[in-house]
Amino acid sequence: MKRKVCIILSAVIVISALASCAANPGKQETTTTETTTTTTTETTTVTTTEDENTTFPETKTRKIYKGLSKDADGDYPYKVATYTTHYNSGDTTRTTNLKNAVKKVNNIVVPDGQVFSFNQNVGKRTVTAGYKTAKIVRDAEFVDGLGGGVCQVSSTIFETVLRANAEIVVRHPHTLKVGYVPLGGDATVQWNTQDFQWKNTTGTDLRIKMKCEGGSLTCSLYAKRNIDVGDVKINISKSGDSYVLTRTVNGKQNYRTVSKYKAQKTTTKKAKTTKKADKKKKTTKKKKR
């Protein structure tokens, strides 16, 4: 009899336990969900310089040149050329971008016969590389974008290289007018699309020295040995809606480039909206009276 009672009690306990699990399925099994946190950094799909609309010749721009080495202690006593542009040091984010690019370029040596590629030597302009948001050109407007201002560095180098009588391999103008160099004398860059490239044809190794402080950005080229680059003259003339830059050396032209700039978009629509809003306010006030 006792044995039968024990069996019945055991059956009741098992049934109760099963019923309890069905009513509270969360208590039946503990499931651990592993959460993976992925840190995302800026990629090259983001606009990284000042102009993302410039067209470019595929054959030249797509050629990749090796990165060059630096030499801070070598003997380069002869100044070949120098050029200075100016910036607003109060714009801290843009100034940061300038200094980051200058740091990459300063003390780079361009051996005789080698090509300097701005993108290859400066690298990607990303958040992890220390670049910040500043003004860039997009769809005929100046808007905020990562790495804004870097084009001033490439443009300053371009102006210096022109005066050193070195060969310009690839150069692109902005789509909008910029003010830190004469119109027609700029050189825009953007990672993976527009590059600025020049070849050292001076007959001696050159070292790039760049300085960015107090609102002045200066690029100078120093040579291993004393050379004569000739009587270099840079001229920019306006022809219709084009700006034509020419370089003559000892009276003979050896470089010419043409730049065209789009008109910056206006805020006409916004202005009209504001006028309508003001008119509506005046009408409302009259009704209240």
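Predicted model only: the values in this text are computed from it and were never measured.
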Picking from Thr257, Asn254, Asn235, what satisfies side chain to side chain donor-acceptor pair (under 3.5 Å) with Arg247? Asn254
Any side-chain heavy-atom pair from Val161 and Leu221 closer than 4.5 angstrom? yes
Quick one: closest heavy-atom pair of Asn100 and Gly130, and the distance? ND2-O, 2.8 Å
Any sub-3.5 Å donor-acceptor pair from Ser242's side-chain atoms to Lys238's backbone N or O? no
Are Arg171 and Asp186 within salt-bridge range, i.e. N to O under 4.0 Å? yes
Hydrophobic cluster identity match, Leu68 and Ile208, side-chain contacts under 4.5 Å: yes
Please tell me whether Tyr65 and Phe116 form a close aromatic pair, meaning their ring centres lie under 6.0 Å apart. no
Is the side chain of Asn200 donor-acceptor paired with the backbone N or O of Thr204 at a distance under 3.5 Å, no angle test? yes
Residue of the set Thr95, Asp91, Thr96 for which side chain to side chain donor-acceptor pair (under 3.5 Å) holds with Thr93: Asp91
Evaluate the side-chain proximity of Val80 to Val229: yes if any heavy-atom separation is below 4.5 Å, no if none is. yes
Ile168 reachable from Val244 in the ILVMFWY side-chain graph, under 4.5 Å edges: no
For this output row, return yes or no: ring centroids of Phe196 and Phe158 closer than 6.0 angstrom. yes
Flag yes if more than 12 heavy atoms outside Asp73 fall under 6.0 Å of its CG atom; otherwise flag no. no
